[in-house]
Amino acid sequence: MKLATLKDSTRDGRLVVVSRDLTRCSEVGHIARTLQAALDDWEHVAPRLALIAEGVETGAQPTIRFHEHDATSPLPRAYQWADGSAYVNHVELVRKARGAEMPASFWTDPLIYQGGSDAFLAPRDPIVMADEAYGIDMEGEVAVITGDVAMGASPEAARGAIRLVMLVNDVSLRGLIPGELAKGFGFFQSKPASAFSPVAVTPDEFGDAWDGGKLHLPLLVSLNGKPFGKPNAGIDMTFDFGQLIAHAAKTRNLAAGTIIGSGTVSNKRDGGPGRPVEEGGDGYSCIAEIRMIEAIDTGSPKTPFMKFGDQVRIEMKDHAGHSIFGAIEQTVEKYNGADPQ
Ligand SMILES: O=C(O)/C=C/C(=O)CC(=O)CC(=O)O
């Protein structure tokens, strides 16, 4: 089943069931007005939504056109957004890039930070930033939405609590990260609003590409229309989603609607850090990694971080080449300083 939230005059939008091919959708306000309402009563609501989804596929259900640009992030705001760093290769590379040592414990003890979740960007919203000098970078990731998870849940129990899977652009400001992490309180200004894919998908839709804790498909990232990365999200994920969720739930219950991110998808190939797409490699899901490779190869990074007008696209396709989640497509725009109040 594929679910999306259409923009309307409310902060949480309105839930629709979307066809597998992402062309049509059906209004389901009589079942659950919002995705959070559906998650709050998932045991009762999900079977009813699944029936609608079946009707959308067979044509028995009235539908309207689905346009990805009409969608907000599936949860336009969420009670919790906690992002892991399961592709440890990524952290190792970005730490190297800024001359910081990565503790060996990162390979055995998951890293998670609490992101801002009061107002996510829509998948086609611009990344509005005051200054290019912040070092604007994309981070292509996979994320899951959980049901209720009890404190102390095992990774296996946590896998059973995964309700939906999405993609995310965890926008990162590389110029602000070193100073902020050095303060010892974690990310805040360096992690502005994230955007999620237009559609959230139940795990049963993935067939054998989903093993219960990892999604074994390439994440396609392009920058200004050029392929930038296609690392496989199922490879080099040191901690699967069950382990990440269990880690987050070690000392607290997680409420239904919690979003857990994978961290930047990053493949380490042939014992090395991978190669750019242009050189026949799988490329990268963020600019910081390619800059590190350039620094290793030539002594200094060449690829600049995102500038005003640059565009990133993040998507995943099934084995038949069809977009699964729709695309996150965002352009960097200069913040004009106007107070929105
Ligand atoms: O510079 C660092 O130490 C970390 C930078 C990140 O952006 C890491 C992060 O968000 C986690 C991830 O995407 O894997």
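Because only heavy atoms are used, hydrogens play no part in the values below, and waters and symmetry mates are left out as well, while side chains stay in. Atoms within a ligand are numbered from 1 in the order they appear, just like the ligands themselves. Residues: numbered from 1 along the sequence shown.
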J.: Tell me, which protein residue and heavy-atom name are nearest atom 11 (C) of ligand 1, and how many Å apart are they?
T.: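 Going atom by atom, the protein heavy atom closest to atom 11 (C) of ligand 1 ends up being Ser85 OG, 3.4 Å.
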
J.: Starting at CD1 of Ile324, measure out to NZ of Lys317 and round the result to the nearest 0.5 Å.
T.: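 Here the rounded value is 10.5 Å.
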
J.: Atoms of ligand 1 less than 4.0 Å from Arg95 heavy atoms?
T.: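 Going through ligand 1 atom by atom, the ones under 4.0 Å from Arg95 are 2 (C), 3 (O).
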
J.: One residue to check: Leu181. Relative to ligand 1, which of side chain, backbone, both or neither has a non-hydrogen atom less than 4.0 Å away?
T.: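 Only the side chain of Leu181 comes within reach of ligand 1.
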
J.: Can you tell me if His44 has over 12 outside heavy atoms packed within less than 6.0 Å of its NE2?
T.: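 Count not over threshold, so no.
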
J.: When you measure from atom 6 (C) of ligand 1 to each heavy atom in Glu141, Glu139, Glu92, Lys96, which option holds the nearest one?
T.: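 Of the listed residues, Glu139 has the closest heavy atom.
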
J.: What residue and atom, counting heavy atoms only, is the protein's closest point to atom 2 (C) of ligand 1, and at what distance?
T.: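 Here the closest protein heavy atom is Arg98 NH2, 3.3 Å.
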
J.: Any N or O of Asp83 that comes nearer than 3.5 Å to an N or O of ligand 1?
T.: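 No.
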
J.: Please state which protein non-hydrogen atom is closest to atom 5 (C) of ligand 1 and give its distance, to 0.1 Å?
T.: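 Sorting protein heavy atoms by distance from atom 5 (C) of ligand 1 puts Arg174 NH1, 3.6 Å first.
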
J.: With respect to Asp12, which candidate in Arg33, Arg77, Lys7 satisfies the salt bridge (charged side-chain N to carboxylate O under 4.0 Å, His left out) definition?
T.: Arg77

J.: So how far is it from Arg174 CZ to Asp137 CG, rounded to the nearest 0.5 Å?
T.: 4.0 Å

J.: What do you reckon, does Met102 put a non-hydrogen atom under 4.0 Å from ligand 1?
T.: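 Outside the 4.0 Å threshold, so no.
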
J.: Would you check whether Thr264 has a nitrogen or oxygen atom less than 3.5 angstrom from a nitrogen or oxygen atom of ligand 1?
T.: yes

J.: To the nearest 0.5 Å, what is the distance between CG (Asn253) and CE (Met151)?
T.: 5.5 Å

J.: List ligand 1 atoms under 4.0 Å from Gly263, heavy atoms only on the residue side.
T.: 12 (C), 13 (O), 14 (O)

J.: Step through the shown structure and confirm whether more than 12 heavy atoms of other residues, nucleotides or ligands are within 6.0 Å of CD on Gln189.
T.: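 Open: at most 12 neighbouring heavy atoms sit under 6.0 Å from CD of Gln189.
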
J.: Does a salt bridge link Lys191 with Glu180, judged by any charged N lying under 4.0 Å from a carboxylate O?
T.: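 Result for this pair is no, no salt bridge flagged.
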
J.: Would you call the rings of His69 and His67 parallel, tilted or perpendicular, taking 30° and 60° as the class edges?
T.: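 Ring orientation, 0 to 90° scale: parallel.
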
J.: Specify the protein heavy atom at minimum distance from atom 8 (C) of ligand 1: its residue, its atom name, and the distance to 0.1 Å.
T.: His90 NE2, 3.8 Å

J.: Which atoms of ligand 1 sit under 4.0 Å from any heavy atom of Asp170?
T.: 10 (O)

J.: Would you tell me whether Gln80 and Gln114 have side-chain atoms, one donor and one acceptor, within less than 3.5 Å of each other?
T.: yes

J.: How far is atom 9 (C) of ligand 1 from its nearest protein heavy atom, and which residue and atom is that?
T.: Lys191 NZ, 3.6 Å

J.: Considering only non-hydrogen protein atoms, determine which one is nearest to atom 4 (C) of ligand 1 and report residue, atom name and distance to 0.1 Å.
T.: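 Ranked first by proximity to atom 4 (C) of ligand 1 is Val94 CG2, 3.7 Å.
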
